[in-house]
Amino acid sequence: NAGVMQNPRHLVRRRGQEARLRCSPMKGHSHVYWYRQLPEEGLKFMVYLQKENIIDESGMPKERFSAEFPKEGPSILRIQQVVRGDSAAYFCASSPIQGALASYEQYFGPGTRLTVT
Amino acid sequence: TQLLEQSPQFLSIQEGENLTVYCNSSSVFSSLQWYRQEPGEGPVLLVTVVTGGEVKKLKRLTFQFGDARKDSSLHITAAQPGDTGLYLCAGDMNTGTASKLTFGTGTRLQVTL
C-alpha cells in the first residue's frame with residue numbers, strides 16, 4: 001500500500017522562476033494538506049483541499065502561491081516568481097474519508113526541498 | 001503566537017535512560033497526534049489521542065492526553081539510539097471534520113551509546 005508520494009524530492013529554482021510541487025495522496029484518501037517547514041522552524045499549515053475544492057487556505061501567502069487538487073491527477077502547489085525566502089521543505093499530507101477516528105490522522109509524504117538561488 | 005509549546009527543545013541522553021517530552025497549550029484540541037521526523041524525511045505518525053485522560057502505549061513509548069485536552073506527554077522507557085529524531089506534537093481543533101494540524105515547536109532527541 002503506497003504512501004503519500006511527492007515529487008520532485010529536490011527542486012532548485014532561480015529567483016523569478018516558477019516552482020511546481022506535486023503530491024499524490026494515499027490510495028483511498030480524499031483530503032490533501034500542504035505544510036511548509038522553514039529551516040530551523042516548525043511545520044506550518046498552508047492549505048487543505050479536497051477534489052476540485054479548496055477547503056481552507058488560511059495559511060497560504062496571499063500572492064504568488066496557489067494550490068489545486070483536480071478530479072484526476074495529483075495535487076499541485078505552485079509558487080510563481082520564487083524568492084529566496086521561499087526556500088524550505090514543503091510537505092504534503094493526506095487523510096481518509098471523514099466519519100471515523102481515522103479521519104483525524106494525517107499521513108505525510110517525504111517532502112520536496114525547494115532551494116531558490 | 002505558538003499554540004503548542006514543546007519541552008525540552010533539545011535532549012541528549014544515553015542508551016537505557018528514560019525521558020519525557022511535554023506538549024502544552026492554552027487551547028483545547030479535539031485530538032492530538034505525535035510524529036517523529038528523521039532528517040530529510042517527512043513526519044511519521046506515531047499515535048493519535050482523542051479522549052481527555054487517554055493513555056496509549058506503543059512498545060516503549062507511552063502517550064498521554066491531558067484531562068482537559070490542552071496538553072500531552074510522551075514518555076520513552078529505556079531509550080535506544082534508534083529513538084533519535086525530532087518529535088512533534090500536532091493538534092486538531094475541529095471536532096468531527098478533517099482539518100489542519102497545528103504543530104508544536106518540536107523536541108530534538110539524541111540517544112547515544
Side-chain angles (χ1 to χ4, degrees), chain A residues 3-7 9-10 21 23 25-26 29-51 53-60 67 69 88-113, chain B residues 1-7 9-10 21 23-25 27-52 54 56 58 63 65 69 72 85-108:
Chain A
V4 177
M5 297 173 66
Q6 290 188 250
N7 68 81
R9 292 291 305 270
H10 300 274
L21 288 61
C23 168
M26 285 178 70
H29 286 194
S30 58
H31 306 270
V32 166
Y33 314 79
W34 286 92
Y35 294 82
R36 178 165 65 175
Q37 190 172 37
L38 292 167
E40 304 305 321
E41 291 189 19
L43 279 147
K44 303 288 187 203
F45 168 78
M46 299 181 75
V47 62
Y48 159 35
L49 311 101
Q50 295 179 19
K51 287 282 187 182
N53 280 305
I54 296 175
I55 308 302
D56 181 357
E57 54 181 348
S58 58
M60 284 277 271
F69 189 15
Y90 291 83
F91 292 97
C92 168
S94 70
S95 65
I97 297 170
Q98 300 172 15
L101 170 63
S103 69
Y104 297 112
E105 298 178 340
Q106 295 184 19
Y107 297 87
F108 282 77
T112 294
R113 273 134 194 94
Chain B
T1 302
Q2 184 64 45
L3 289 180
L4 279 168
E5 295 285 345
Q6 286 184 238
S7 61
Q9 195 173 357
F10 300 98
V21 176
C23 175
N24 294 302
S25 174
S27 302
V28 176
F29 291 94
S30 60
S31 70
L32 200 134
Q33 303 175 35
W34 282 92
Y35 292 85
R36 186 171 77 198
Q37 186 178 20
E38 307 277 351
E41 298 295 331
V44 175
L45 180 64
L46 297 174
V47 78
T48 299
V49 286
V50 297
T51 305
E54 183 176 5
K56 280 192 174 179
L58 183 67
F63 304 85
F65 202 11
R69 290 185 287 128
S72 181
L86 177 66
Y87 288 82
L88 297 162
C89 63
D92 171 4
M93 286 183 161
N94 279 20
T95 301
T97 61
S99 69
K100 65 184 179 185
L101 291 176
T102 298
F103 276 84
T105 47
T107 295
R108 197 167 295 279

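First the proteins, then the strands, lettered A, B, ... as listed; each starts at 1.
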task = Find out whether Asp56(A) and Ser99(B) are in side-chain contact, i.e. whether some heavy atom of one side chain is under 4.5 Å from a heavy atom of the other.
result =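 Contact flag for Asp56(A)/Ser99(B) side chains = no.
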key: Within-4.5 Å side-chain heavy-atom neighbours: Leu45(B) and Gln106(A)   =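 Not touching, per the 4.5 Å side-chain cut-off.
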message = For Pro43(B) versus Phe108(A), what's the shortest heavy-atom pair and its separation?
response =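 Scanning both residues, the minimum pair turns out to be O-CB, 3.4 Å.
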[atom1] of [X] to [atom2] of [Y]: how many Å apart, nearest 0.5 Å?
{"X": "Gln33(B)", "Y": "Tyr107(A)", "atom1": "CD", "atom2": "OH", "answer": "8.0 Å"}
{"X": "Lys100(B)", "Y": "Lys44(A)", "atom1": "NZ", "atom2": "NZ", "answer": "11.5 Å"}
{"X": "Leu86(B)", "Y": "Leu43(A)", "atom1": "CG", "atom2": "CG", "answer": "8.5 Å"}

ask   = Would the number of heavy atoms belonging to other residues, nucleotides or ligands and lying under 6.0 Å from CE of Met5(A) be above 12?
value =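 No, CE of Met5(A) has 12 or fewer neighbouring heavy atoms, counting only those of other groups under 6.0 Å.
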request  = Taking atom CZ of Arg36(B) as the centre, report whether more than 12 heavy atoms of other residues, nucleotides or ligands fall under 6.0 Å from it.
outcome  =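 Result for CZ/Arg36(B): enclosed.
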request  = Just do the ring pair (Phe, Tyr, Trp, His ring centres under 6.0 Å) check on Tyr35(A) and Phe103(B) with the steps written out, would you?
outcome  = CA-CA 10 Å; Tyr35(A) 294 82; Phe103(B) 276 84; 5.6 Å; yes
request  = With side chain to side chain contact (heavy atoms under 4.5 Å, CB included) as the test, would you mind laying out the steps for Glu41(B) and Phe91(A) before giving the verdict?
outcome  = CA-CA 9 Å; Glu41(B) 298 295 331; Phe91(A) 292 97; over 6 Å; no
message = Heavy-atom cut-off 4.5 Å, strictly under: side chain, backbone, both or neither for Gln37(A) against chain B?
response =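 For Gln37(A), the contact with chain B is made by the side chain alone.
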message = For Glu38(B), which atoms come within 4.5 Å of any heavy atom of chain A: side chain, backbone, both, or neither?
response =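 Neither part.
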